[in-house]
Amino acid sequence: LSSRINFTCNRINLEHFEFDNIFSSFQKIYFKSCHIFDTPNLQGFKKLDVANFSANLITTLDFCKFPNGLKRVNFSKNKIHTLIIEQGSIYGNLESLALFNNNISEFSWLSNMKNLKYLNLGMNPINVFPREILELKSLEYINLALTEIHDIPNEILDMKSLKVLD
């Protein structure tokens, strides 16, 4: 088998499925619309680069359950309102974070995501531009579409890497 193994599972009820190390050699996993309620424990997936758990029923996104090397995460179209970040942890490999269409309105956790290049927070109940975004110096793309944000701070112009603000 190739050393780069991907796994996709769509629209299968995995409500009681245990992820523990069963796919430890996978580099990319996609579990879309699988009735998953909790953040899966992916700690044993040492080679994992991409995790997509979009369109599930997750309410709390626990980054403590992710391997350190994860680069791209998509938990869009869930019911996330809380993110758990380990105190003092910097998720230095994380480059892409898609959390579109959730219930996220607090953003202090962004200070741990210094190397993000892509951030999708559109269609969340956001009323005020999250100032934590201004500290993401590597950010190239931000999606804040379909939120209630009416004012963008002028400091956004100081973000040298930013190419797209949607």
Side-chain angles (χ1 to χ4, degrees), residues 2 4-86 89 91 93-110 112-113 115-130 132-133 136 139-149 163-166:
S2 167
R4 295 179 181 232
I5 302 172
N6 304 333
F7 186 81
T8 301
C9 182
N10 293 321
R11 296 191 172 124
I12 294 175
N13 188 338
L14 296 176
E15 182 176 349
H16 302 291
F17 186 77
E18 295 293 329
F19 288 86
D20 301 330
N21 299 334
I22 194 167
F23 307 114
S24 62
S25 63
F26 287 2
Q27 186 175 24
K28 298 178 183 179
I29 56 174
Y30 303 86
F31 288 88
K32 303 177 198 173
S33 300
C34 293
H35 295 88
I36 298 170
F37 287 86
D38 297 312
T39 306
N41 184 358
L42 305 176
Q43 288 275 329
F45 295 60
K46 301 301 183 197
K47 297 180 182 180
L48 193 63
D49 286 334
V50 177
N52 186 327
F53 285 82
S54 58
N56 281 290
L57 302 166
I58 298 167
T59 57
T60 300
L61 182 54
D62 187 351
F63 275 85
C64 302
K65 294 183 176 182
F66 294 159
N68 292 335
L70 204 55
K71 293 180 182 177
R72 291 178 26 210
V73 172
N74 185 343
F75 278 76
S76 295
K77 299 181 184 176
N78 274 280
K79 300 187 180 303
I80 298 167
H81 54 77
T82 303
L83 282 89
I84 298 173
I85 304 290
E86 189 174 337
S89 290
Y91 298 89
N93 291 324
L94 194 61
E95 297 176 355
S96 175
L97 181 58
L99 297 172
F100 183 83
N101 194 4
N102 278 288
N103 295 309
I104 303 166
S105 59
E106 195 282 315
F107 301 96
S108 61
W109 51 269
L110 273 174
N112 295 66
M113 312 285 175
N115 294 322
L116 279 182
K117 294 179 181 179
Y118 174 94
L119 178 61
N120 187 341
L121 295 174
M123 207 168 174
N124 275 284
I126 307 171
N127 297 320
V128 177
F129 184 88
E132 293 86 351
I133 289 175
L136 303 176
L139 203 58
E140 297 175 5
Y141 177 95
I142 308 168
N143 181 350
L144 295 169
L146 302 172
T147 65
E148 296 298 319
I149 296 173
K163 298 175 184 169
V164 177
L165 171 60
D166 184 6

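Quick caveat, the model's predicted, so the values are computed rather than measured.
More than 12 heavy atoms of other residues, nucleotides or ligands shown are found within 6.0 angstrom of NE2 on His81. For NZ of Lys65, the number of neighbouring non-hydrogen atoms (other residues, nucleotides, ligands) closer than 6.0 Å is greater than 12. In this structure, Asn68 places its CG atom where only 12 or fewer heavy-atom neighbours from other residues, nucleotides or ligands lie under 6.0 Å away.
Judged by distance alone, the side chain of Asn52 and the main-chain N or O of Lys32 form no donor-acceptor pair under 3.5 Å. Within the 3.5 Å criterion, the main-chain N or O of Ile80 finds no donor-acceptor partner in the side chain of Asn103. With hydrogens and angles disregarded, no donor-acceptor distance shorter than 3.5 Å links the side chain of Thr60 to the backbone of Thr39.
The side-chain heavy atoms of Leu116 and Leu110, taken from C-beta on, include a pair separated by under 4.5 Å. Looking at heavy atoms from C-beta onward, Asn127 lies out of side-chain contact with Ser105 at the 4.5 angstrom threshold. Contact of the Leu121 side chain with the Thr147 side chain is not registered, since no non-hydrogen atoms from C-beta on lie closer than 4.5 Å. A 4.5 Å side-chain heavy-atom check between Phe107 and Ile126 finds at least one atom pair inside the cut-off.
Residues Tyr91 and Cys64 approach most closely at OH-N, 4.3 Å, considering heavy atoms. Residues His35 and Asn56 come closest through the heavy atom pair N-OD1, 3.1 Å. Summarising the geometry of Ile85 relative to Trp109, their closest heavy-atom pair is CG1-CB, 3.4 Å, with the distance given to 0.1 Å. Closest of all the heavy-atom pairs between Asn102 and Lys79 is OD1-N, 3.3 Å. Nearest heavy-atom pair across Ile58 and Phe75 is CD1-CE2, 3.5 Å. For the pair Val50 and Leu70, the tightest heavy-atom approach, listed with the atom from each and the gap, is N-CD1, 3.9 Å.
Here the straight-line distance linking atom OH of Tyr118 with atom CG of Leu136 works out to 14.5 Å at 0.5 Å rounding. In this structure, NZ in Lys71 is found 9.5 Å from NZ in Lys117, a value given to the nearest 0.5 Å. Between the OG atom of Ser76 and the CE atom of Met123 there is a distance of 11.0 Å, given to the nearest 0.5 Å. Taking OG1 of Thr59 as the start and CG of Asp38 as the end, the distance is 7.0 Å to the nearest 0.5 Å. Once rounded to the nearest 0.5 Å, the distance linking CG of Leu97 with CG of Leu83 reads 7.5 Å. Taking SG of Cys34 as the reference point, atom CG of Asn10 lies at 6.0 Å (rounded to 0.5 Å).
Ring geometry for Phe66 versus Phe63: interplanar angle over 60°, hence perpendicular rather than tilted (30 to 60°). Using bins of under 30°, 30° to 60° and over 60° for the plane-to-plane angle, the ring pair Phe31/Phe53 lands in the parallel bin.
Checked options Asn74, Leu61, Leu119; the residue passing with Leu99 is Leu61 (criterion: side-chain contact (heavy atoms from CB on, under 4.5 Å)).
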Intermediate values then yes/no, side chain to side chain contact (heavy atoms under 4.5 Å, CB included), Leu146 and Asn101 | CA-CA 9 Å; Leu146 302 172; Asn101 194 4; over 6 Å; no

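Using a 3.5 Å distance cut-off with no hydrogens or angles, the side chains of Asp49 and Gln27 do pair a donor with an acceptor.
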